[in-house]
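Please see the structure below; I have some questions.
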Amino acid sequence: MFPSNYAESITLTVLILIGLLIIRYLLLRHKDLLFKFMDINMSSKKGTVIIQIETTTKISKSSSLMVVNVDGERLLLGVTQDSISNIKTLGKSEGEYKNER
């Protein structure tokens with residue numbers, strides 16, 4: 001069970017570290033599946049902000065336009081590899097208008 005010499009001990013330690021790095025990579029890469037598997041509810045709690053991407057349109061290989069809903073306020077964002085810019089505030093979402101009436 002336990003390594004008998006120093007070289008085996010180092011090898012076992014390196015293999016364990018590589019395994020942990022692979023598990024970490026897979027969890028970060030597929031975190032949406034992890035949340036679904038664990039049945040984690042990502043809905044709003046008091047004091048938290050909900051951010052939802054409503055629509056995405058590719059403009060070029062590395063840039064796109066996004067309509068994002070942030071706590072009921074809709075924003076048109078320009079997204080590139082290097083930056084995110086608020087192009088226009090579109091106002092409240094339709095769901096927010098219905099709640100006010």
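Excluded from the calculations below are hydrogen atoms, water molecules and symmetry mates; all remaining heavy atoms, backbone and side chain alike, are included. From a predicted model like this one, the values you see are computed outputs, not experimental measurements. Throughout, residue positions are numbered sequentially from 1 according to the sequence presented.
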Under the side-chain contact (heavy atoms from CB on, under 4.5 Å) criterion, do S63 and T80 qualify, and how do the steps go? CA-CA 4 Å; S63 63; T80 65; 3.9 Å; yes
Say whether L21 and V14 are linked into one hydrophobic cluster, either directly or through other cluster members, by side-chain heavy-atom distances under 4.5 angstrom.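 No, it is not one cluster - the side chains of L21 and V14 are not joined through contacts under 4.5 Å.
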Within the supplied structure, the quantity of interest is the number of heavy atoms (other residues, nucleotides, ligands) at a distance under 6.0 Å from K61 NZ; does it exceed 12?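 No, because the 6.0 Å sphere around NZ of K61 holds 12 heavy atoms or fewer from other groups.
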For N86 against L77, the heavy-atom pair lying closest together: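 Shortest heavy-atom separation between N86 and L77 comes out as CA-CD2, 3.7 Å.
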Drop me the distance from I18's CD1 to I23's CD1, to the nearest 0.5 angstrom.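 Going from the CD1 atom of I18 to the CD1 atom of I23 covers 12.5 Å.
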Would the number of heavy atoms belonging to other residues, nucleotides or ligands and lying under 6.0 Å from CD1 of I59 be above 12?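 Correct, the count exceeds 12.
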Count I, L, V, M, F, W, Y as connected when their side-chain heavy atoms are under 4.5 Å apart, and connections chain through other members. Are I51 and I84 then in the same cluster?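 Hydrophobic grouping puts I51 with I84.
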With rounding to the nearest 0.5 Å, note down the distance linking NZ in K88 to CZ in R74.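 Here the rounded value is 11.0 Å.
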State the CG-CD distance between L76 and E54, to the nearest 0.5 angstrom.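 Here the interatomic distance stands at 11.0 Å.
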Give the minimum heavy-atom separation between L65 and I87, together with the two atoms involved.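 Looking at all heavy atoms of both residues, the shortest contact is CD2-CD1, 3.5 Å.
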Separation of T11 OG1 from I16 CD1 (nearest 0.5 Å):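 Reported to 0.5 Å precision, the distance equals 11.0 Å.
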